[in-house]
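Below is one structure, written out as structure tokens; comments come after it.
What you see is a predicted model; the values in this text were computed from it and never measured.
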Amino acid sequence: MGTPMMIRTRQSLWDILWLGGAVASAFWLTLPSRAQTPRSAQTGWTLEAFLEKVGESNALVKAARLEKEAAALKRRSGDLMELAPFLQGELSYVDDRRETVLPAQQGNRTQVGLYSVGFAKKFVTGTQVSAKWGQTRSALEGLAFPMPSSWESSFLASVSQPLWKDGFGRGVRLRHSREDAQEKVARLSAEMAERRALIAAEEVFWDFAVHSLDRQEKQDSLARAQRIRDWTSRRIGNGIGDRADLLQIESLVASRRLAQIGTEDNLEASRRAFLDALGLPSDETVSISAATLAEPRALPADKEARRLDIWLQQYASEINKNVALETEDRLRPDLSLVGAVGLNGRDAAIGASTSETLGANHPMFQVGLKLSMNLDFSLSENARAAARAEAEAARLRMEKGNRDAASSWSELARRHAELTARVRAMEALVKTQESRLAREQERLSLGRTVTAQVVTFEQEVADTRFGLLQLRAQQRKLEAATRLYMTQEAVEAL
């Protein structure tokens, strides 16, 4: 009686110990899979710090900012040639000894010294004014009746007011309007280039974040596979496992190592792109804040925002419209009201000549109308028609852009909401699959499932975790694309 009781007692103790070991093994196997997000290295670059550094060192961003400054400086470049005041001066001496027809009356040598200074200015009204002061000394030799050298002083002031072409400054105003639109196009183009460079840099940031987190996940996945392999090897050594199970786990370990090699290559490529965006050497050590990728950003609430390319089409349409009006104005007949007043004086002495001029003893007045026009009416009409056609084409493109703008922002918001829903669904799927994997590992330790099932669940968990990383990166990149949208107030303030 004593012997069977002892045997049953020993068997019960063995069962308890075996069950306790199985539970402990299950807990040891499932512990790594309970982490909801991959581990991160030390806190690294945040997106804000990264973009600030890119703005300071990226050549494309700096070039775009310089182009915006240049556009502002060139805004009134047309005034330099048309409205800028001009100073004119002349100092010359002529010694003419050419043979004349009547030397007794015309002489055989003429000496002329000329000194003059003048000022000219066109105003935004189209009015052109000029003033000129000159003094000329002339001497003739070889005359039958010699004449003393003399000084001639003169002052001439003139004014011209266009009445038809560029009438009262209409051409200047049209040019100013075109230049304003051109400046806006240049600044918007540079702004779009800057923002695209920042978007490209931000995409590099998110790629590096994905591959950094994926590398950590691949390392964790490989470690779990190796622990399962070791546990399976011990079971085979104890005579309670099958070698086929070990081969399946070895296959899982090999596939994890292969995936890790690919991830390391992707990580190195994204790391180099990350350093290039920052302008740092390729051997610099960098990391990204772990929480960055999982932090969504709210989209701007302003539904009136439009893409920069649509704003560019609008201002390009204004340019073509003004070009057509300028062409129409430029081809009109030039009818101007002109007037001039002159003062003159002549004397043997320069002082007396100057005094005589300033005394207005010999004034000159002029007033009249001046007309000039192009008589090639066919070419003129072709030029007008071409300008009108280009303006109409630009207007149609602008209208198409405005129709697209009405749906562009709403479509972006819809895609962002759809991605948010997919991320939440994927997060729930990851949690469910992690729980299912933990339970299956526990069942494996108790001998209630096969190794192939655990391997399948391990692969599914790895795939869904990587899918979650990709969805989050896709959502962050979509949020970055909102940089290409601006409201009218922001465009006008640019």
Side chain to side chain, [X] and [Y], heavy atoms closer than 4.5 Å:
| X | Y | result |
| --- | --- | --- |
| Arg109 | Arg98 | no |
| Leu478 | Leu412 | yes |
| Trp409 | Thr482 | yes |
| Trp133 | Thr354 | yes |
| Leu47 | Trp206 | yes |
| Glu141 | Gln111 | yes |
| Glu427 | Leu468 | yes |

Practice task
Count the heavy atoms belonging to other residues, nucleotides or ligands that lie under 6.0 Å from CZ of Arg196, then report whether that count exceeds 12.
Solution key: no
Handout entry: Separation of Ser282 OG from Leu275 CG (nearest 0.5 Å)
Key = 7.0 Å
Handout entry: Gap between atom CG of Asn58 and atom CG of Leu278 - 0.5 Å precision
Key = 9.5 Å
Handout entry: Candidate pair Lys74 and Glu183, rule side-chain contact (heavy atoms from CB on, under 4.5 Å), full reasoning
Key = CA-CA 8 Å; Lys74 293 192 301 183; Glu183 182 213 6; over 6 Å; no
Check: [Y] main-chain N/O paired with [X] side-chain donor or acceptor under 3.5 Å:
| X | Y | answer |
| --- | --- | --- |
| Thr327 | Val323 | yes |
| Ser353 | Gly345 | yes |
| Lys184 | Val491 | yes |
| Ser150 | Asp347 | no |
| Arg271 | Glu284 | yes |
| Thr127 | Phe123 | no |

Problem - Quiz item: cation-pi between Lys218 and Phe466, 6.0 Å / 45° - result: yes
Which heavy atom in [X] sits nearest to a heavy atom in [Y], and how many Å separate them?
| X | Y | answer |
| --- | --- | --- |
| Lys165 | Asp329 | CG-O, 3.5 Å |
| Ile310 | Gly401 | CD1-O, 3.4 Å |
| Ala394 | Asn320 | CB-OD1, 3.5 Å |
| Pro333 | Met373 | CB-CB, 3.7 Å |
| Ala481 | Ile199 | CA-CD1, 4.1 Å |
| Leu156 | Ala340 | CD1-CB, 4.2 Å |

Any donor-acceptor pair under 3.5 Å linking the side-chain atoms of [Y] with those of [X]?
| X | Y | value |
| --- | --- | --- |
| Ser408 | Tyr485 | yes |
| Gln161 | Ser336 | no |
| Ser154 | Asn344 | no |

Whether [Y] and [X] form a salt bridge (side-chain N of Lys/Arg under 4.0 Å from carboxylate O of Asp/Glu) is what I want to check.
| X | Y | result |
| --- | --- | --- |
| Arg65 | Glu194 | yes |
| Arg384 | Glu328 | yes |
| Arg75 | Glu179 | no |
| Asp95 | Arg97 | yes |
| Glu318 | Lys321 | no |
| Glu191 | Arg195 | yes |
| Arg483 | Glu202 | yes |
| Arg173 | Glu326 | no |

Practice task
Please test Asp180 against Tyr315 for side-chain contact (heavy atoms from CB on, under 4.5 Å), starting from the C-alpha separation and ending with a verdict.
Solution key: CA-CA 9 Å; Asp180 290 342; Tyr315 285 101; over 6 Å; no
Exercise for the section: Determine, step by step, whether Gln470 and Gln474 satisfy the side chain to side chain donor-acceptor pair (under 3.5 Å) criterion, reporting the C-alpha distance in whole Å, the side-chain angles of both residues, the deciding distance to 0.1 Å, and the verdict. Expected result: CA-CA 6 Å; Gln470 289 182 315; Gln474 186 178 352; over 6 Å; no
What donor-acceptor contacts under 3.5 angstrom involve side-chain atoms of residues 417-425, with partners at least two apart or in another chain?
unit_1 : atom_1 : unit_2 : atom_2 : d
Thr420 : OG1    : His416 : O      : 2.9
Thr420 : OG1    : Gln475 : NE2    : 2.6

Exercise for the section: Would you please test Asn322 and Ser177 for side chain to side chain donor-acceptor pair (under 3.5 Å) and show each step? Expected result: CA-CA 7 Å; Asn322 281 285; Ser177 180; 3.1 Å; yes
Exercise for the section: Begin from the C-alpha positions of Ser116 and Gln135 and carry the test side-chain contact (heavy atoms from CB on, under 4.5 Å) through to its verdict. Expected result: CA-CA 6 Å; Ser116 68; Gln135 289 182 315; over 6 Å; no
Exercise for the section: Only pairs at least two apart or in different chains count here, so list each side chain to side chain donor-acceptor pair (under 3.5 Å) that has a residue in residues 362-376. Expected result: Glu356-His362
Handout entry: Pairs flagged by salt bridge (charged side-chain N to carboxylate O under 4.0 Å, His left out) wherever residues 112-135 is involved - sequence neighbours left out
Key = Glu82-Lys122, Lys122-Asp166
Practice task
Under the side chain to side chain donor-acceptor pair (under 3.5 Å) rule, what do Thr263 and Asp214 come out as? Steps first, then yes or no, please.
Solution key: CA-CA 7 Å; Thr263 299; Asp214 185 46; 3.2 Å; yes
Practice task
Go through the steps to decide whether Leu114 and Leu91 satisfy the test side-chain contact (heavy atoms from CB on, under 4.5 Å), and finish with yes or no.
Solution key: CA-CA 6 Å; Leu114 174 63; Leu91 175 61; over 6 Å; no
Problem - Option from Leu343, Thr136, Thr357 for which side chain to side chain contact (heavy atoms under 4.5 Å, CB included) with Ser153 holds - result: Thr357
Exercise for the section: Report the C-alpha distance between Glu217 and Arg465 in whole Å, list the side-chain angles of each, state the deciding distance to 0.1 Å, and finish with yes or no for salt bridge (Lys or Arg N to Asp or Glu O under 4.0 Å). Expected result: CA-CA 8 Å; Glu217 174 55 36; Arg465 282 179 173 174; 2.8 Å; yes
Practice task
Measure up the Phe274 and Phe208 rings against each other and bin them: parallel (under 30°), tilted (30 to 60°), perpendicular (over 60°).
Solution key: tilted
Handout entry: Parallel, tilted or perpendicular: rings of Trp45 and Phe50 (30°, 60°)
Key = perpendicular
